[in-house]
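Taking it in order: structure first as structure tokens, then the write-up.
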Number of protein chains: 2
Amino acid sequence: MAGNPERRAALVDAGVEVLAREGARGLTFRAVDTEAGVPVGTSSNYFTSRDDLLSQIDARLHVRLAPDPDVVADLLTRPKDRSLVKALMHDLTARATHDRTGYLGLLEMRLEATRRPELRASYTQSVRADLEEGMRFHHEAGLPGGDETVMVLYLAMLGLLLEHLTLPGVLEGALPGTGVPEALVERIVETIVPATEPRGTGPH
Amino acid sequence: MAGNPERRAALVDAGVEVLAREGARGLTFRAVDTEAGVPVGTSSNYFTSRDDLLSQIDARLHVRLAPDPDVVADLLTRPKDRSLVKALMHDLTARATHDRTGYLGLLEMRLEATRRPELRASYTQSVRADLEEGMRFHHEAGLPGGDETVMVLYLAMLGLLLEHLTLPGVLEGALPGTGVPEALVERIVETIVPATEPRGTGPH
């Protein structure tokens with residue numbers, strides 16, 4: 001295994017580009033080499049298999065799409081109410097739309113996971129960890145609503161991002177006066193997250 | 001254009017199989033011919049182009065995944081409350097999980113739509129029409145909540161089906177005591193749809 005970390009990162013990012021542009025079936029070592037502008041054969045020195053490449057793409061996208069800790073720390077100085085949940089969801093939406101290629105890569109990876117048991121196992125673990133982290137974060141921050149609120153909000157945001165990033169025209173104008181995605185994010189949070197005092201903060 | 005409608009339907013269904021199994025990039029006339037067990041060259045007599053094939057797959061999946069009118073008519077004899085919305089969402093979930101291949105085909109088509117403007121235009125139109133039909137149905141049936149309720153419910157169900165059909169292990173057990181998908185569907189409806197009397201039934 002070659003060990004140049006910068007080259008490895010560049011190859012993984014090239015893999016994300018190929019994944020989003022060509023679909024999972026187009027993701028070959030050769031296509032990654034071409035995308036990265038390196039000699040054919042380079043990727044095979046960095047990844048033991050296609051599953052290994054996919055797993056490194058997952059890890060890399062996790063970093064690329066992660067919230068900025070400073071932004072989160074700053075948001076957490078605000079009152080722990082529904083407005084703060086809106087701000088957090090705006091941040092999530094902005095990250096996904098800003099790195100649309102990365103988010104589309106994750107969607108391709110989901111579909112590829114239906115075909116590859118090894119990828120399904122590792123990717124399930126990483127998405128589940130994100131969901132549980134979201135529940136833990138919401139609880140510890142004292143935000144309104146419990147695990148069930150986080151779950152339903154998670155699913156609605158997943159649906160929103162899928163729709164907005166693949167078929168934006170479906171949502172645009174569907175609720176008159178509700179811009180997409182910003183105002184729609186506000187409607188989602190108002191519908192799902194209670195306006196009342198924090199609850200569900202007991203031990204669980 | 002050859003005109004045998006049964007053969008056309010069989011070719012389109014073969015296209016759905018290829019789409020779900022191989023991904024959009026694997027969808028070629030030759031792969032469809034092989035899947036359908038017909039001589040190579042047959043598909044090119046039935047479809048003018050790959051976009052034409054994709055558009056016929058969209059139309060076909062619309063029929064395959066549509067609700068059974070008798071089931072809907074029967075449900076509409078019940079009180080127009082939140083329980084009825086649950087029953088309708090159970091029916092949607094059952095249709096999608098029963099025809100998992102068809103639903104995965106739709107997800108592949110969304111990703112392919114990010115690459116093909118012609119497909120994006122036609123597919124956007126058909127998904128938008130479904131969303132508007134959902135709003136019209138909800139309103140005319142006098143179900144609780146307005147267009148905004150339908151929109152948020154639509155997005156949460158889209159997220160649920162995406163997650164459940166691609167990475168089922170993510171949701172399984174994430175809310176203790178809440179089975180997936182059935183009990184989770186109930187939690188989604190309880191969170192999003194008001195328990196009160198029908199509202200939002202004014203003109204709009």
Side-chain angles (χ1 to χ4, degrees), chain A residues 20-26 100 104 107-115 120-121 123-128 130-132 135 145-163 165-176 178 184 187-188 190-193 204, chain B residues 20-26 100 104 107-115 120-121 123-128 130-132 135 145-163 165-176 178 184 187-188 190-193 204:
Chain A
R21 193 181 62 229
E22 308 281 341
R25 205 166 186 261
R100 180 169 182 266
L104 290 175
L107 292 172
E108 284 290 346
M109 200 133 68
R110 283 177 170 273
L111 289 168
E112 186 69 353
T114 66
R115 300 168 200 127
R120 184 159 63 245
Y123 192 35
T124 293
Q125 212 167 22
S126 90
V127 177
R128 172 65 169 255
D130 284 347
L131 175 59
E132 288 179 355
M135 288 176 174
D147 285 352
E148 208 166 288
T149 309
V150 177
M151 171 67 102
V152 178
L153 185 58
Y154 166 80
L155 294 174
M157 292 299 297
L158 182 60
L160 170 69
L161 292 174
L162 171 65
E163 195 81 293
L165 294 182
T166 60
L167 300 173
V170 170
L171 299 176
E172 210 58 70
L175 286 179
T178 303
L184 185 51
R187 296 298 89 70
I188 290 170
E190 283 160 16
T191 302
I192 293 172
V193 179
H204 61 170
Chain B
R21 193 181 63 230
E22 308 281 340
R25 204 166 186 262
R100 180 169 182 265
L104 290 175
L107 292 172
E108 284 290 347
M109 201 132 69
R110 283 177 172 274
L111 289 167
E112 186 69 353
T114 65
R115 301 169 199 124
R120 183 159 64 246
Y123 193 35
T124 294
Q125 211 168 22
S126 90
V127 178
R128 173 64 170 255
D130 284 347
L131 174 59
E132 287 179 354
M135 288 175 173
D147 285 351
E148 209 165 287
T149 309
V150 177
M151 171 67 102
V152 177
L153 185 58
Y154 166 80
L155 294 175
M157 292 299 298
L158 182 61
L160 170 69
L161 293 174
L162 171 65
E163 195 80 293
L165 295 181
T166 60
L167 301 172
V170 169
L171 299 176
E172 210 58 70
L175 286 178
T178 303
L184 185 51
R187 298 296 90 71
I188 289 170
E190 284 160 16
T191 302
I192 293 172
V193 179
H204 60 169

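Per chain, numbering begins at 1; letters A, B, ... match sequence-line order. Given the structure is predicted, the values throughout are model-derived calculations rather than measurements.
- Under the salt bridge (charged side-chain N to carboxylate O under 4.0 Å, His left out) criterion, B/Arg115 pairs with A/Glu108, B/Glu112, not counting sequence neighbours.
- At a 4.5 Å heavy-atom cutoff, the contact between A/Leu165 and chain B is made by backbone atoms alone.
- Looking at A/Glu163, both its backbone and its side chain come within 4.5 Å of chain B, counting heavy atoms on both sides.
- Heavy atoms of A/Ala174 lying under 4.5 Å from chain B belong to its backbone as well as its side chain.
- Judged by distance alone, with hydrogens and angles left aside, the side-chain atoms of A/Arg187 form no donor-acceptor pair with the main-chain N or O of B/Thr149 at under 3.5 Å.
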CA sep, side-chain torsions, deciding dist, call: A/Val170, B/Asp130, side-chain contact (heavy atoms from CB on, under 4.5 Å): CA-CA 10 Å; A/Val170 170; B/Asp130 284 347; over 6 Å; no
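- Atoms CG and OG1, from B/Leu167 and A/Thr124 in turn, are 4.5 Å apart once rounded to the nearest 0.5 Å.
- Among B/Arg120, B/Arg21, B/Met157, the residue making the largest number of heavy-atom pairs under 4.5 Å with chain A is B/Arg21.
- Each of B/Ile188, B/Leu160, B/Thr191, B/Leu175 was scored for a side chain to side chain contact (heavy atoms under 4.5 Å, CB included) with A/Met151, with one residue passing: B/Leu175.
- Ranking A/Ser126, A/Ala121, A/Gly173 against chain B, the residue ahead of the rest is A/Gly173, based on heavy-atom pairs under 4.5 Å.
- Rounded to the nearest 0.5 Å, atoms CG (A/Leu171) and CG (B/Leu155) are 6.0 Å apart.
- In this structure, the separation between CG on B/Leu107 and CZ on A/Arg110 is 9.5 Å, given to the nearest 0.5 Å.
- When A/Ala24, A/Pro176, A/Ala113, A/Gly26 are compared by the number of non-hydrogen pairs under 4.5 Å with chain B, A/Gly26 comes out ahead.
- Only the backbone of A/Ala20 has a heavy atom closer than 4.5 Å to any heavy atom of chain B.
- Partners of A/Glu22 under the salt bridge (charged side-chain N to carboxylate O under 4.0 Å, His left out) rule, at least two apart in sequence or in another chain, are B/Arg25.
- At a 4.5 Å heavy-atom cutoff, the contact between A/Leu131 and chain B is made by side-chain atoms alone.
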